[in-house]
Amino acid sequence: MLGQGIDRVVAERTTDADGRFSVTDIPVGTDYYVTATGLSREWYVPNNDKSFRLDGSGANNGLSFLARRPLSADLSATTYLDKKSYVADDPAQLVIS
C-alpha cells in the first residue's frame with residue numbers, strides 16, 4: 001500500500017512473481033510511505049513502514065521489504081521433570097530440550 005499523510009491511501013498494488021510492484025502517475029515533491037500488507041500469519045515484516053520523498057531523481061525506485069518467518073515457526077521446546085513424583089525436600093530437575 002502506498003500512502004500519504006495520515007491514513008490516505010494513494011495506491012494499492014499486488015507484487016508480481018518476482019515480488020516486485022510499481023506505482024506510476026503520482027505527484028513528485030511529496031512525502032509517501034509504503035507498507036506491506038496482506039501477508040499470511042506465517043510471515044511478518046520488521047520495520048514495515050518505509051517513508052520517502054518522491055523528488056523525481058529516481059532515487060526511490062528500489063525500496064525493499066524483508067519478510068521473515070517468526071521464530072515460533074522454526075523453534076520448539078519440550079520440558080519434563082526427571083521423576084514422576086517427589087517427596088518433601090527432594091530436588092527436582094527440569095529438563096528443557
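Source: prediction; values computed, not measured.
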D16 side chain vs D18 backbone, donor-acceptor pair below 3.5 Å: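 Side chain of D16 to backbone of D18: a pair is present.
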
Residues, nucleotides or ligands: over 12 heavy atoms within 6.0 Å of R69 CZ: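 Check passes, neighbour count above 12.
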
Greater than 12 external heavy atoms within 6.0 Å of Y80's OH: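 Atom OH in Y80 is not crowded, with 12 or fewer foreign heavy atoms closer than 6.0 Å.
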
Nearest non-hydrogen partners of Q93 and Y86, listed with the distance: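 Result for this residue pair: N-OH, 4.1 Å.
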
Closest approach of I96 to A77 (non-hydrogen atoms, all atoms of both residues):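 Closest approach of I96 to A77: CG2-CB, 4.5 Å.
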
